[in-house]
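Owing to the predicted nature of the structure, the values given are computational and were not obtained by experimental measurement. In what follows, every heavy atom counts, from backbone to side chain, and hydrogens, waters and symmetry copies are set aside. For this chain, numbers begin at 1 and follow the sequence in order.
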Amino acid sequence: QVQLVESGGGLVQAGGSLRLSCAASGRTLSYYPMGWFRQAPGKEREFVAAISWNGGSTYYAVSLKGRFTISRDNAKNTVYLQMNSLKSEDTAVYYCATDTSLNRLRSGGAGGWGQGTQVTVSS
């Protein structure tokens with residue numbers, strides 16, 4: 001089974017940056033699409049970004065494109081989310097996820113989830 005562990009969350013002032021990391025374990029994980037989701041208290045989980053198995057294709061929520069960048073290092077079995085120009089509305093628990101289908105992952109489906117890492121943006 002795939003295991004995902006997020007790290008890099010914390011408290012940051014509005015306008016600042018954070019880089020989240022998701023370390024994955026699994027023999028074939030290098031060939032799986034990966035993605036990030038987030039959920040704020042009292043709100044639905046929402047899609048943030050996704051990346052194909054080889055990093056050739058990336059996808060972002062329209063509202064976040066330009067501020068967030070997803071990348072991966074298959075040699076380290078790690079996916080990253082670089083977050084710039086953070087706003088208070090970015091405050092949420094951020095979850096790493098994976099699935100065998102990139103399209104299913106983009107639509108909100110995922111076969112595996114991490115435990116999440118808290119990102120708090122103060123203003």
Side-chain angles (χ1 to χ4, degrees):
Q1 296 182 350
V2 176
Q3 290 185 312
L4 307 173
V5 180
E6 302 95 335
S7 62
L11 176 64
V12 65
Q13 192 169 355
S17 300
L18 282 175
R19 188 181 75 162
L20 306 183
S21 298
C22 175
S25 62
R27 292 182 179 181
T28 62
L29 196 59
S30 293
Y31 297 95
Y32 282 27
M34 302 288 291
W36 289 94
F37 293 79
R38 68 183 186 183
Q39 187 169 25
K43 296 185 177 181
E44 297 289 326
R45 182 185 65 203
E46 65 175 331
F47 170 76
V48 173
I51 187 168
S52 61
W53 70 270
N54 63 353
S57 299
T58 57
Y59 302 88
Y60 300 91
V62 174
S63 62
L64 302 177
K65 191 173 184 179
R67 295 195 297 119
F68 289 14
T69 303
I70 188 171
S71 62
R72 68 189 299 163
D73 185 341
N74 287 348
K76 298 180 179 179
N77 280 332
T78 301
V79 64
Y80 305 95
L81 183 68
Q82 178 66 46
M83 305 185 294
N84 299 324
S85 301
L86 285 165
K87 306 173 182 178
S88 59
E89 53 262 41
D90 294 320
T91 295
V93 176
Y94 284 71
Y95 297 93
C96 178
T98 189
D99 196 86
T100 57
S101 168
L102 179 60
N103 287 334
R104 185 162 59 241
L105 186 62
R106 291 174 59 196
S107 68
W113 295 89
Q115 294 299 304
T117 185
Q118 177 71 48
V119 172
T120 303
V121 183
S122 62
S123 61

Please name all residues satisfying side-chain hydrogen bond (donor to acceptor under 3.5 Å, both in side chains) with Q118, sequence neighbours left out, ordered by chain then number.
-> T120
Spell out, as yes or no, whether a donor-acceptor pair under 3.5 Å connects the side chain of S88 to the backbone of V121.
-> no
First locate atom CD of Q82, then atom OG of S21, and finally report the distance between them rounded to the nearest 0.5 Å.
-> 9.5 Å
So which heavy atom on T117 is nearest to which on G8, and how close?
-> OG1-N, 4.3 Å
Is it the case that one hydrophobic cluster holds both Y80 and V119, taking links as side-chain heavy atoms less than 4.5 Å apart, direct or via other members?
-> no
Taking all heavy atoms of A97 and all of A110, pick out the closest pair and write down the distance.
-> CB-CB, 3.8 Å
Which atom names give the shortest non-hydrogen contact between Q39 and R45, and what distance separates them?
-> NE2-N, 3.8 Å
Between E6 and C22, is there a donor-acceptor pair closer than 3.5 Å when you use the side chain of the first and the backbone of the second?
-> no
Exam field: side chain T98 to backbone P33, donor-acceptor pair closer than 3.5 Å | yes
Roughly how far, to the nearest 0.5 Å, is the NZ atom of K87 from the CG atom of L64?
-> 8.5 Å
With E89, which residues qualify under salt bridge (charged side-chain N to carboxylate O under 4.0 Å, His left out), at least two apart?
-> none
Reported CG-to-OH distance for the pair N77 and Y32, which is rounded to 0.5 angstrom = 12.0 Å
Go through the structure and list residues passing salt bridge (charged side-chain N to carboxylate O under 4.0 Å, His left out) with R67, not counting sequence neighbours.
-> D90
Mind checking what makes side-chain hydrogen bond (donor to acceptor under 3.5 Å, both in side chains) contact with E46, not counting sequence neighbours?
-> R38
Between L4 and G112, which heavy-atom pair has the shortest distance, and what is it?
-> CD1-O, 3.8 Å
So, does R106 use its side chain to make a donor-acceptor pair with the main chain of G35 at under 3.5 Å?
-> no
Rounded to the nearest 0.5 Å, what's the gap from OG on S52 to CE on M34? Could you check?
-> 12.0 Å
Minimum heavy-atom separation for W36 to I70, with atom names?
-> CD1-CD1, 3.6 Å
Between atom CZ of F68 and atom OG of S17, what is the distance when rounded to the nearest 0.5 Å?
-> 9.5 Å
Heavy-atom closest contact (N54 atom, N74 atom, distance) = CA-ND2, 4.4 Å
Apart from V93 itself, members of its ILVMFWY cluster (side-chain separation under 4.5 Å) are F37, F47, Y59, Y95, L102, L105, W113
Under the salt bridge (charged side-chain N to carboxylate O under 4.0 Å, His left out) test, which residues partner R104, sequence neighbours left out?
-> D99
CG of L20 to OG1 of T78, rounded to nearest 0.5 Å, is 12.5 Å
